[in-house]
Amino acid sequence: MIDYNELIFEISRPGRKAASLPESDVASVSLLKKFPEHLIRKIPAELPEVSEPQLMRHYTALSNKNFGVDNGFYPLGSCTMKYNPKINEDVARLPGFANIHPFQPVQTVQGALELMYELQEDLKIITGMDALSLQPAAGAQGEWAGLMIMKLFHKQNGEGKKRTKILVPDSAHGTNPSSAFIAGFDVVEIPSNASGTVDLAELKKHVGTDVAGLMLTNPNTLGLFEKDIVEISKIIHGVGGLLYYDGANLNAILGKTTPAVMGFDIVHLNLHKTFSTPHGGGGPGSGPVGVKSFLAPYLPIPRIEKQEDEYVLNSEFPLSVGRVKGYFGNFGVNVRAYTYIRTMGPIGLNQVSESAVLHANYLRKLLAPYYNVSHTQFCKHEFVLSGLKQKKLGVRTMDIAKRLLDFGYYAPTVYFPLIVEEAMMIEPTETETKETLDAFAKTLIGIAKEVEQTPATVLEAPHTTPVRRMDEVKAARKLVVRYNKNDEK
Ligand SMILES: *Cc1c(COP(=O)(O)O)cnc(C)c1O
């Protein structure tokens, strides 16, 4: 059996070639004299020398070691890992989209600008916002841009120095407090009540004219809808603060309600979550930021405008936060999101929400007899289990997550949200079949039984992965990413 764990450098043999082409019959031209002398290699690079089949097998074997939504179920909470329709990829690869350059004159990229303009219009309808920029390249960058807009707004009103606080519930995604901090605000954590939503009495304690705004995800990261949102909005607006909506995961509310209806002033979206562009490897992403009309002058520039039958870029917004990303954001992600929205249509998007919520509640019901459920009310697109029952038997949530890998599943988000002990956060998404959900539930139930009967199997998991448990702290602190042929394997 060939060892596909070998590095490509280890299978290399001097003189072996991946391709044999006939001798060239035109004179070769050296570009070397165009480079400064000190940049030219004195000895040839030690590149691997392999045959074409070796090369193909090596990279195919590597690609199979990667787990992604194309390989299997990915129940990661607060991250919307839905299937990415392949038609998005086809469209993003059309030469007219793939081969253009951001420095081209706008007259030559009218189609690209039209797509971006139309996508903005669609996202305005979906969020209820009045104006929107596609520029931020990630959810966290959208948050930061939104908070800078908030900051400039207060400054413009002569309250820049006074409004220093951003309120963030304790169930928030970690990027919320960090974006607020980076934008120069003081972060105030608001505790949740027993039913997992914002505690209004606690909120009122922190509300005053020093509040710049509140950041909220609704449904929150427990998968619960903040039913008091209208009241919350009144409380914050009552003291002159603004409401920021973290719309990274819009899967539960598409076509059902909008951040605008709930009273929010600013919102960011993650096109790489809700709108089906692939993510998980660190990007590229897209985190558009949308605002109510009174905040539109602060949006990033340049903004795309439609003038009669031409699209133009307008940078004449003196109050703008400026440019937050090189060029126009991640255009390829925009193409995928636009394709997704247009292939689904309004009715399809509405059904996404219904299926996402149905799937989450279905799984929650199947699993509730075997695991603790953090909050028992009806959930939205995700829910949080707690491994407390299993912890009493000496098995932690981390062990359960590792055991799932043996069965070909990605693990749920674990130990988040922080307010649930031994948390396992599950978001099945709308794109999975009932058979997939049933099989996943059966596996998790099987693991709960193993915890009672043969706990060692779970404690020693994973058994089948190329690397078993590693010292995660050492892996992060003493990261070795460079191959050295003299190192022991
Ligand atoms: C993923 C996520 C973010 C951050 O998005 P990135 O694109 O990873 O920066 C923010 N908030 C919530 C609720 C999220 O799920």
Side-chain angles (χ1 to χ4, degrees), residues 69 74-82 84 123 127 133-148 166 168-183 187 189 192 196-198 213-226 229 243-254 259 262 264 266-290 324-325 329-330 332-334 336-337 356 360 379-384 410 412-420 423 425-429:
V69 275
Y74 213 117
L76 201 67
S78 190
C79 204
T80 310
M81 297 297 288
K82 58 167 80 179
N84 315 120
L123 295 175
T127 57
S133 164
L134 300 172
Q135 211 177 85
Q141 204 193 10
E143 287 173 34
W144 176 79
L147 288 163
M148 292 306 289
I166 293 285
V168 182
D170 59 5
S171 61
H173 193 272
T175 49
N176 292 185
S178 38
S179 301
F181 180 80
I182 292 173
V187 180
E189 191 177 273
S192 302
T197 51
V198 173
L214 168 88
M215 295 181 90
L216 199 69
T217 305
N218 196 17
N220 65 27
T221 61
L222 293 162
L224 304 174
F225 194 79
E226 299 276 356
I229 184 58
L243 254 77
Y244 184 95
Y245 185 86
D246 177 342
N249 308 282
L250 224 60
N251 241 18
I253 68 158
L254 284 173
M262 296 184 228
F264 288 90
I266 310 175
V267 45
H268 89 265
L269 302 171
N270 278 21
L271 300 188
H272 50 291
K273 288 181 182 170
T274 313
F275 298 96
S276 90
T277 44
H279 72 291
S286 178
V289 58
V324 302
K325 164 87 177 71
N330 283 321
V333 179
N334 297 166
R336 289 170 176 86
C379 67
K380 294 297 171 203
H381 60 299
E382 60 192 0
F383 61 98
V384 180
Y410 198 85
T413 299
V414 293
Y415 300 105
F416 178 82
L418 304 174
I419 51 177
V420 176
M425 188 187 196
I426 298 176
E427 178 181 2
T429 87

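Note that ligands are numbered from 1 as they come in the structure, with each ligand's atoms numbered from 1 the same way. All values below come from the heavy atoms of this structure, side chains included, with hydrogens, waters and symmetry mates left out.
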Within ligand 1, which atoms have a heavy atom of [X] less than 4.0 Å away?
X	value
H272	7 (O)
A138	7 (O), 9 (O)
D246	10 (C), 11 (N), 12 (C), 13 (C)
T175	3 (C), 4 (C), 10 (C), 11 (N)
E143	10 (C), 11 (N)

Donor-acceptor check, side chain of [X] to backbone of [Y], threshold 3.5 angstrom: yes or no?
X	Y	result
D246	V267	no
T221	P417	no
T217	P219	no
H272	S286	yes
N218	E226	yes
E143	S179	no
H279	C79	yes
N330	G332	no
T429	K82	no
T274	L250	yes

Heavy-atom proximity to atom 9 (O) of ligand 1 ranks first, among A140, G142, A172, for A140

The answer for which part of A248 has a heavy atom under 4.0 Å from ligand 1 is side chain

Quick look: H279 vs ligand 1, heavy-atom contacts under 4.0 Å, and the answer is neither

The closest protein heavy-atom partner of atom 1 (C) of ligand 1 is K273 NZ, 1.4 Å

For atom 5 (O) of ligand 1, the closest protein heavy atom turns out to be N270 ND2, 3.0 Å

Nitrogen or oxygen atoms of [X] and ligand 1 under 3.5 Å apart:
X	answer
T221	no
N249	yes
T217	no

Q. Does some non-hydrogen atom of the protein lie less than 4.0 angstrom from atom 7 (O) of ligand 1?
A. yes

*Give a yes/no verdict on whether any heavy atom in Q141 is under 4.0 Å from an atom of ligand 1.*
no

ask   = Is S78 near ligand 1, meaning one of its heavy atoms is under 4.0 Å from it?
value = yes

